[in-house]
Amino acid sequence: MTDVRRRIPRVDGLLADPRLVDAQDRLGRALVRQVVTDVQDRARRGEITPEQVPDAVVAALPPRACGVRPVVNATGVLLHTNLGRAPLSPAAIDAVVTAAGCVDVEFDLDTGRRARRGRQLLDALLAAVPAAEAAHVVNNNAAALALAATALAAGREIVLSRGEMVEIGDGFRIPDLLTSTGARLREVGTTNRTTLRDYAEALGPRTGFVLKVHPSNFVVTGFTAEVSVRDLAALDAPLVVDIGSGLLSPDPSLPGEPDATTTLADGATLVTASGDKLLGGPQCGLLLGDRAYVERLRRHPLARAMRVDKLTLAALEATLRGPTPPTSRMLHATAEELQARATSMLALLTSLDVDVQPVPSQASTGGGGAPGLVLASTALSLPAAYAEALRANDPAVVGRMHAGRLLLDLRSVPPELDHVLYDAIVRVAGQV
Ligand SMILES: *Cc1c(COP(=O)(O)O)cnc(C)c1O
């Protein structure tokens, strides 16, 4: 062994460094040990001196025990599936933290007996959608559809328009999901036009239900026809409507986007929706509607395999009862508000000699909601070299490239993260 190698501090000695004792409490012994041995290797290879090892270990410690890194979503896509869709409200985050311990999720603290799981959330959900007699929550909208298909149409037929055979994303297709449950698809109509008669003629003794799927990620224009929920509800079959985005009541700023209240009032038997799209909550699937049908789904054996955890129940309840979730605030921010935010950041940044300009931008809801809707927005335009450096920052900042510049769209950034965005740009400005 060379002299230099002998001078490299040993593992036990390093782990006793007070800074690393703290880190072990925070990150766990195994993780800190791994960092220590990695840094010792760097010293053995001569990349750093033995004396630099303790500080190098501290510098190399990851900020958290979990590898999932926080991201400021400056893409302009409000619900970015790759970035985890809806960010939770502070109230929902609090609820998740509370629920992380032991909680009365299935226990009545008055009587000391077992209680209905998630009753607090179900109360909140039914209060938010009075048109629903009953509600059930599963892991996501795909699970809600799979449960409905299994419980109501296994070995039977689901009647579905050819214009609503939707691929959700990542190669997953709703028709394949439905047939995987043992239900058969009875396709009716054409890609662009389906009439009430097409549905009526397909109904028969083998019908499990009629399904209407909101085309949430594409638009068909031109010579088109689809049948309204109200007309479909008059047919002699249960009607399940997948509204996609999870709007609970109409939103004037999202014309044409279906909502649970209106869909149920128009006569749907069941509505299915995602919790982490326009509703702005955690990933989950909502089933709302007729009491007897909801109960059939809830009692089906497969329902247990799709049960949501206490963290989801807590986050969804706080989303429904608490302050307006970030997704809704981002959606409804005015052009003036966005410009004002850009202007105040700009004043600070230009004084630091950063090559930054405010530019008009076009944001979108993304994530299966309001397809084709353009949301006027404001972005900070930076040199392209910022893109990689900002992604490497903690928290990472992800924007989008346009005409050789990096655009950081402010509509998809909750205003309370403006200072985080600003700090990241300032830090990165010194590197690019
Ligand atoms: C997004 C979407 C789904 C899938 O929802 P998940 O919650 O991601 O499973 C299904 N149907 C429609 C119409 C959608 O928009």
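Whatever order the structure lists them in is the order used to number ligands and atoms, beginning at 1.
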Worksheet item: Are any of the heavy atoms in I243 under 4.0 Å away from ligand 1?
Response: no
Worksheet item: Do T269 and D290 have a side chain donor and acceptor closer than 3.5 Å?
Response: no
Practice prompt. Take atom CZ of F209 as the centre, draw a 6.0 Å sphere, and report whether it contains more than 12 heavy atoms from other residues, nucleotides or ligands.
Written response: yes
Worksheet item: Salt bridge check: are D108 and R119 linked by an N-O gap of less than 4.0 Å?
Response: no
Worksheet entry | Shortest reach to atom 10 (C) of ligand 1 by a heavy atom, considering only V138, N141, T81 | N141
Worksheet entry | Distance filter under 4.0 Å to I168 heavy atoms, resulting ligand 1 atoms | 1 (C), 2 (C), 3 (C), 4 (C)
Discussion item. Restricting to non-hydrogen atoms, name the atom on T327 and the atom on K277 that form the minimum distance, rounded to 0.1 Å.
Written reply: CG2-O, 4.0 Å
Practice prompt. Look at the side chain of R411 and the backbone N and O of S377, then say whether any donor-acceptor pair between them is shorter than 3.5 Å.
Written response: no
Worksheet item: Looking only at heavy atoms, is any part of Q283 under 4.0 Å from ligand 1, and if so is it the side chain, the backbone, or both, or is it neither?
Response: neither
Discussion item. Could you tell me, atom by atom, which parts of ligand 1 come under 4.0 Å of a heavy atom of R85?
Written reply: 6 (P), 7 (O), 8 (O)
Discussion item. Looking at Q283 and N139, would you say the former's side chain and the latter's main chain have a donor-acceptor pair under 3.5 Å?
Written reply: yes
Discussion item. Using a 4.0 Å cutoff against the non-hydrogen atoms of D242, which atoms of ligand 1 qualify?
Written reply: 10 (C), 11 (N), 12 (C), 13 (C)
Discussion item. Going by side-chain hydrogen bond (donor to acceptor under 3.5 Å, both in side chains), S161 matches just one of T194, T195, D198. Which one?
Written reply: T194
Practice prompt. Report yes or no: does a heavy atom of E164 sit under 4.0 Å from some atom of ligand 1?
Written response: no
Fill in: Atoms of ligand 1 close to S216 [distance to a heavy atom under 4.0 angstrom, numbered from 1]
12 (C), 13 (C), 14 (C), 15 (O)
Fill in: Atoms in ligand 1 with a heavy atom of G244 nearer than 4.0 Å
12 (C), 13 (C), 14 (C), 15 (O)
Worksheet item: Would you say ligand 1 has an N or O under 3.5 Å from any N or O of S274?
Response: yes
Worksheet item: Short question: side chain of T37, backbone of R33 - any donor-acceptor pair under 3.5 Å?
Response: yes
Fill in: Check: T207 and R186 side chains under 4.5 Å, non-hydrogen atoms
no
Fill in: Working for salt bridge (Lys or Arg N to Asp or Glu O under 4.0 Å), residues R64 and D394
CA-CA 11 Å; R64 52 194 77 80; D394 187 70; 3.1 Å; yes
Practice prompt. Between A142 and ligand 1, find which residue part has any heavy-atom pair under 4.0 Å and reply side chain, backbone, both or neither.
Written response: both
Worksheet item: Strictly under 4.0 Å, does any heavy atom of V166 approach an atom of ligand 1?
Response: no
Discussion item. Geometry only, no angles: is H214 polar-contacting ligand 1 at N/O separations under 3.5 Å?
Written reply: no
Item to complete: Please identify which atoms of ligand 1 are closer than 4.0 Å to at least one heavy atom of I174.
Response: 10 (C), 11 (N)
Worksheet item: When only distance counts, is S245 in polar contact with ligand 1, meaning an N/O pair under 3.5 Å?
Response: no
Worksheet item: Backbone, side chain, both or neither: what part of K212 comes under 4.0 angstrom of ligand 1, heavy atoms only?
Response: neither
